[in-house]
Structures are given as structure tokens and as C-alpha cells.
Amino acid sequence: MRLFPCHFVFALGLMASPLALPALEVSAQAGVGWTDNLSRTSALPYRKDAATYAASVSVRQGRQITRDWQLFAAGEAGVETVPKFNSLDATHGGLTLQLRRKFGLGAFVPVLDLNAGATYFSFHESGRSGWKTELGLTLSQRLTETWRVSASGGWQEYYAQRHTYDLRSHQLAIETSWDATERWRLSAGAQRLWGELTANTEWDVYGGALAGVYGPRIAHYYSHIPWAVTNTFGPGWTAYRVDCVADFWWLQASFAIDANTSIPIRYEAVRVVNRADVRYDTAVWSLGIAHRF
């Protein structure tokens with residue numbers, strides 16, 4: 001049975017209602033990034049790169065249910081702008097719940113987190129606007145004073161105003177982090193996603209694919225998936241939804257200015273291959289600042 005966003009949010013609200021505690025964690029984040037192939041285009045000459053700017057504020061509240069169980073509720077609101085392609089400018093707001101189970105006492109016991117969230121995104125290009133709902137499970141373990149590992153799995157679905165941007169996926173990920181010094185933390189991770197993503201290209205390329213310029217297999221595949229001329233990255237640009245396998249990996253270094261403020265520097269690479277064996281590569285460099293009040 002498909003879970004619609006209004007039902008999902010109502011369920012989250014019911015779960016969050018017991019969290020009537022005075023203690024509230026407030027944090028803010030801001031960052032700038034550069035994305036190679038932001039357009040997620042397969043044809044190298046047509047790829048569009050751009051800078052992105054983002055900021056958000058979040059609040060989080062927790063409650064101890066029993067000795068081993070905790071429940072957290074968090075709300076977040078944020079904004080992202082892409083000056084080169086303002087159709088991608090967006091605001092968002094959402095609610096996340098986290099149920100945590102600690103298997104014992106102390107810092108070196110396994111911790112299991114179950115997360116559920118719903119977020120609404122409002123894009124300048126209205127067809128992209130919609131609800132994202134997600135469920136996730138994370139198992140983490142501190143191995144030593146400085147090393148920590150985690151493994152996670154999740155599901156998400158995006159309900160957009162335009163069918164081209166309706167997306168479903170599930171994923172598995174692993175990550176490890178090392179506190180190299182009192183101020184520097186290094187982390188690395190990888191994730192595999194199975195599901196749907198949106199790609200973009202010029203109409204000359206997509207029209208050629210439909211006409212069989214790149215072979216019958218490509219023509220058959222691209223004529224049976226949702227697509228639309230959107231002009232997102234320029235006149236005549238086309239967005240289309242692909243079924244794919246995507247591999248992500250990332251490296252991050254985070255510098256702690258003090259106990260409440262840190263500066264993360266991150267590199268992330270993405271390799272996407274659709275069912276017609278067409279490949280889309282993306283890379284993101286980002287610099288941010290995070291502060292807990």
C-alpha cells in the first residue's frame with residue numbers, strides 16, 4: 001500500500017506528541033558547494049556545472065523512555081539557491097523522528113537508530129516541488145576512543161507535482177570516522193542506491209535517442225520513461241526519470257573551532273548507471289559551518 005504524505009505526517013505528529021520537554025537543542029548550518037555535472041547529463045559536452053549555496057536551522061528534543069530506549073523529534077527548515085540555474089532554488093521544511101536503542105551502558109556499546117521523516121520542498125520550478133518521505137535504520141559502534149563505524153539502510157519516496165520527478169529508491173551505506181586530533185575528525189563512506197533518479201539533457205540529444213540515433217535499445221528505453229521539456233538548464237532542456245543503480249562515496253574532514261562549532265570540508269563522487277547502461281557521473285565539493293546553540 002502506498003503511503004501518502006499527509007498520512008505520513010499525521011503519524012509522525014502522533015508519535016512526537018509525548019515529547020513535551022523543556023530542553024531543546026538548536027543548531028544552524030550553512031555551506032557553499034561546487035557540483036560537476038549538476039544537470040546529471042550523460043553526454044560530456046552538454047554537462048552543466050554550478051555553485052550552490054545552502055543554509056538551514058534545526059531544533060531537536062529528546063525523551064528517555066527506558067534505560068535503553070530514547071525518542072527524539074526534530075524539525076528543520078532551510079533554503080538552497082543555485083544562481084546559475086534559478087529554477088533549482090528551493091526552500092524546505094520537515095519533521096524527523098528517531099527511536100534509539102542502546103545495547104548496554106557506556107560509550108562502546110552498539111547503538112541502533114530507527115528514523116522516519118517527511119519533508120516538503122518548494123522549488124522555483126514548481127513541477128519539482130513535493131513531499132519526500134523516508135525510513136531508515138542505522139547501527140553504529142564506537143570501536144576505540146577515536147574510531148567509530150556505522151552501517152545503514154533506508155527507503156525514500158518523493159511525490160512531486162510533475163510525474164517526471166516522482167522518485168522511489170532504497171539504499172545501503174557504510175561509514176567510518178577517526179578523531180585524528182582533538183579538533184580534526186576524518187570520515188569516509190560509501191552507499192549504493194537502487195531506484196529512480198532524474199537526469200537532464202538538451203532536446204537534440206533526447207530527441208536523437210527517441211529517433212534511434214543511438215540504437216534501438218536506447219530508443220526503446222527512453223520512449224518508455226517519463227520525460228518533459230522543462231528548460232531547467234537552458235532552452236529546450238529535457239528532464240527524464242531513469243531506473244538505475246547509483247554508487248556514492250565520500251571523504252570528509254571536519255575541524256572543530258570549539259565544542260559547539262565545526263567546519264566540514266567534503267568531497268563526494270556519484271556514479272549512476274541506468275537500465276540501458278547509460279552512465280552519469282557527478283562530483284561535489286563543499287565547505288560548510290555548523291553551530292549548536
Side-chain angles (χ1 to χ4, degrees), residues 27-58 76-94 119-130 132 156 158 160 162 164-165 167 185-191 193 197-203 205 228-242 244 246-257 261-272 279-291:
S27 60
Q29 303 82 34
V32 57
W34 177 265
T35 304
D36 286 342
N37 195 18
L38 177 67
S39 57
R40 189 172 285 124
T41 304
S42 60
L44 185 61
Y46 300 100
R47 295 180 178 183
K48 300 293 186 180
D49 310 329
T52 61
Y53 304 87
S56 64
V57 176
S58 61
E76 183 187 35
V79 60
E80 183 176 55
T81 182
V82 186
K84 191 174 179 180
F85 305 109
N86 63 5
S87 292
L88 302 177
D89 291 353
T91 58
H92 72 269
T119 304
Y120 184 76
F121 292 84
S122 177
F123 282 88
H124 186 269
E125 181 187 330
S126 59
R128 293 177 179 266
S129 300
K132 180 175 75 171
Q156 67 177 225
Y158 189 70
R162 199 167 197 168
T164 309
Y165 303 117
L167 306 173
R185 171 174 292 177
L186 307 178
S187 60
Q191 174 183 278
L193 175 147
L197 294 173
T198 299
N200 305 267
T201 193
E202 285 196 340
W203 171 250
V205 176
V229 176
T230 62
N231 304 310
T232 304
F233 295 95
W237 270 71
T238 302
Y240 57 101
R241 190 176 72 196
V242 295
C244 65
D247 291 316
F248 302 73
W249 67 269
W250 59 89
L251 299 171
Q252 179 171 304
S254 183
F255 177 73
I257 297 176
T261 309
S262 62
I263 299 177
I265 306 167
R266 183 181 177 95
Y267 171 77
E268 181 171 335
V270 187
R271 178 180 181 269
V272 178
R279 179 170 168 175
Y280 312 82
D281 291 337
T282 302
V284 184
W285 291 262
S286 63
L287 172 67
I289 184 167
H291 179 75

Strictly under 6.0 Å, is that where the ring centroids of Tyr267 and Trp34 end up?
no
Using side-chain heavy atoms (C-beta onward) and a distance below 4.5 Å, is [X] in contact with [Y]?
X      : Y      : answer
Asp281 : Val272 : no
Trp249 : Gln191 : no
Thr282 : Leu38  : no
Val32  : Trp285 : no
Phe121 : Glu80  : no
Thr52  : Thr81  : no
Arg241 : Leu197 : no

Roughly how far, to the nearest 0.5 Å, is the [atom2] atom of [Y] from the [atom1] atom of [X]?
X      : Y      : atom1 : atom2 : value
Trp237 : Asn200 : CH2   : CG    : 6.5 Å
Ser187 : Leu251 : OG    : CG    : 8.0 Å
Asp49  : Ser39  : CG    : OG    : 7.5 Å
Lys48  : Asn37  : NZ    : CG    : 11.0 Å
Tyr158 : Thr198 : OH    : OG1   : 9.5 Å
Leu193 : Cys244 : CG    : SG    : 6.0 Å

Using the rule given for side chain to side chain contact (heavy atoms under 4.5 Å, CB included), can you reason through Ile257 versus Ile263, listing the C-alpha separation, both sets of side-chain angles and the distance that settles it, and then say yes or no?
CA-CA 7 Å; Ile257 297 176; Ile263 299 177; 3.6 Å; yes
For [X] and [Y], indicate whether the former's side chain and the latter's backbone hold a donor-acceptor pair under 3.5 Å.
X      : Y      : result
Tyr53  : Gly31  : no
Asp36  : Ala283 : no
Asp247 : Arg271 : no
Ser129 : Phe123 : yes
Arg162 : Arg128 : no

Measure across [X] and [Y] and return the closest heavy-atom pair with its distance rounded to 0.1 Å.
X      : Y      : result
Gln29  : Ser58  : NE2-OG, 4.0 Å
Arg47  : Ser42  : NH2-O, 3.6 Å
Val82  : Ala51  : CG1-O, 3.6 Å
Val229 : Trp203 : CG2-CE3, 4.4 Å
Gly127 : Tyr165 : O-CD1, 3.3 Å
Ala253 : Leu186 : CB-CD2, 3.6 Å

For Thr232 and Ser87, run side chain to side chain donor-acceptor pair (under 3.5 Å): C-alpha distance rounded to whole Å, both residues' side-chain angles, the deciding distance at 0.1 Å, then the answer.
CA-CA 6 Å; Thr232 304; Ser87 292; 5.2 Å; no
Between Val242 and Tyr280, is a side chain to side chain contact (heavy atoms under 4.5 Å, CB included) present by the stated rule, with each step listed?
CA-CA 11 Å; Val242 295; Tyr280 312 82; 3.8 Å; yes
Verdict with reasoning, Tyr120 to Lys132, per side chain to side chain contact (heavy atoms under 4.5 Å, CB included)
CA-CA 6 Å; Tyr120 184 76; Lys132 180 175 75 171; over 6 Å; no
Does one side chain, of [X] or [Y], offer a donor that lies under 3.5 Å from an acceptor on the other?
X      : Y      : value
Thr119 : His92  : no
Glu202 : Thr238 : no
Thr201 : Thr41  : no

Got more than 12 heavy atoms from elsewhere within 6.0 Å of OH, Tyr240?
yes
Using the side chain to side chain donor-acceptor pair (under 3.5 Å) definition, which of the options Arg266, Arg185, Glu268 pairs with Gln252?
Arg266
